[in-house]
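Step one of this worksheet: look at the structure below.
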Amino acid sequence: MTEPNALLEVAYDEALRGLAEGGVPIGAALFDADGTLLGRGRNRRVQNDDPSAHAETDAFRAAGRRRDYRPTIMVTTLSPCWYCSGLVRQFGIGTVIIGEARTFHGGHDWLAEHGVRVRILDDPRCVTLMTDFIAARPDLWFEDIGAAGPARDR
């Protein structure tokens, strides 16, 4: 498998694109086991006025149909929410690489409990990107995670 930090670069680039577009800076990419990029995406909830346009779903949609997702690797800059964790389980994605889980603790423990290989990189750039965004746009952050106030697991 390709170096996880190299795979994260694609997702991080997507997160920066999303931020530049006025959206929530979360990026993702889906790779084959050999490191071949299948699809990339970013949280486009704001840009597309679509509450289901999360980064992982955007990358998944961009990858197109496959018969088997077990050998694939979902890379995301932030711990996947329950919606995106459900996508990983529904389609049997075998590995999830997470840039950081400090600012948001999504469904990655649940994924690991159900046999998905989970690796958290604790990438300082990802932490800083989300920490700065949450400080600058708490309204948009709380909307994104489905909370009216302080962050909670979604």
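Side chains are part of it too, since the values below use all heavy atoms of this structure and drop only hydrogens, waters and symmetry mates. By convention here, the first residue in the shown sequence is residue 1.
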Supply the atom-to-atom distance Ile98 CD1 to His105 NE2, rounded to the nearest 0.5 angstrom.
8.5 Å
With rounding to the nearest 0.5 angstrom, report the CE to OH distance, Met74 to Tyr69.
9.5 Å
Could you please spell out the steps behind the side-chain contact (heavy atoms from CB on, under 4.5 Å) verdict for Asp123 and Leu8?
CA-CA 9 Å; Asp123 184 272; Leu8 181 62; 3.7 Å; yes
Arg45 (side chain) donor-acceptor with Pro51 (main chain) under 3.5 angstrom
yes
Between His108 and Ser79, is there a side-chain donor-acceptor contact under 3.5 Å, judged purely by atom types and distance?
yes
Between Arg102 and Asp122, is there a side-chain N and carboxylate O pair less than 4.0 Å apart?
yes
Looking at Pro25 and Leu19, what are the two nearest heavy atoms and their distance?
CB-CB, 3.8 Å
Any side-chain heavy atom of Val116 sitting closer than 4.5 Å to one from Val88?
yes
Counting C-beta onward and ignoring hydrogens, is there a side-chain heavy-atom pair between Leu87 and Ile93 closer than 4.5 Å?
yes
CG of Asp49: more than 12 outside heavy atoms within 6.0 angstrom?
no
Can a salt bridge be assigned to the pair Arg137 and Asp139 using a cut-off of 4.0 Å between side-chain N and carboxylate O?
yes
Find out whether Tyr12 and Leu129 are in side-chain contact, i.e. whether some heavy atom of one side chain is under 4.5 Å from a heavy atom of the other.
yes
Ion pair check, Arg125 and Glu100, cut-off under 4.0 Å
no
Can Asp109 and Leu111 be said to form a side-chain contact (heavy atoms from CB on, under 4.5 Å), step by step?
CA-CA 5 Å; Asp109 291 334; Leu111 290 172; over 6 Å; no
For the residue pair Phe104 and Gly106, what are the closest heavy atoms and their distance?
CE2-CA, 3.4 Å
Verify same cluster id: Phe91, Val118 (apolar side-chain graph, 4.5 Å):
yes
Hey, are the side chains of Leu16 and Arg42 touching, using non-hydrogen atoms and a 4.5 Å cut-off?
no
Going by atom types only, do Asn43 and Asp58 share a side-chain donor-acceptor pair under 3.5 Å?
no
Of all heavy-atom pairs linking Leu30 and Ala59, the shortest is N-CB, 4.2 Å
Of all heavy-atom pairs linking Ala135 and Pro138, the shortest is O-CD, 3.7 Å
Please find the pair of heavy atoms, one from Gly27 and one from Glu14, that lie closest to each other, and give the distance.
CA-CB, 3.9 Å
Counting N and O atoms only, with roles assigned by atom type, does the side chain of Ser85 sit under 3.5 Å from a partner on the main chain of Cys81, one being a donor and the other an acceptor?
yes
Kindly determine whether Arg40 and Asp13 satisfy side-chain contact (heavy atoms from CB on, under 4.5 Å), including the steps that lead there.
CA-CA 10 Å; Arg40 57 191 293 158; Asp13 180 61; 2.6 Å; yes
Do Ile26 and Val127 belong together in a cluster built from hydrophobic side chains that touch within less than 4.5 Å?
no
Show the numbers, then the answer: is there a side-chain contact (heavy atoms from CB on, under 4.5 Å) between Leu38 and Phe31?
CA-CA 5 Å; Leu38 302 172; Phe31 293 91; 5.6 Å; no
Tell me whether Arg66 is salt-bridged to Asp32, with the criterion being a basic N under 4.0 Å from an acidic carboxylate O.
yes
Rounded to the nearest 0.5 Å, what separates atom SG in Cys84 from atom CG in Leu78?
10.0 Å
Arg61, CZ: over 12 other non-hydrogen atoms inside 6.0 angstrom
yes
Note, Val24 side chain near Leu140 side chain (heavy atom, < 4.5 Å):
yes
Quick check: does any side chain N or O of Thr77 sit under 3.5 Å from a backbone N or O of Gly99, one acting as donor and the other as acceptor?
no
How close do Arg119 and Pro4 get, heavy atom to heavy atom, and via which atoms?
NH1-CG, 3.0 Å
Just by modelled atom types, is the Asp50 backbone N or O under 3.5 Å from a matching donor or acceptor in the Asn48 side chain?
no
Donor-acceptor check, side chain of Thr57 to backbone of Ser52, threshold 3.5 angstrom: yes or no?
yes
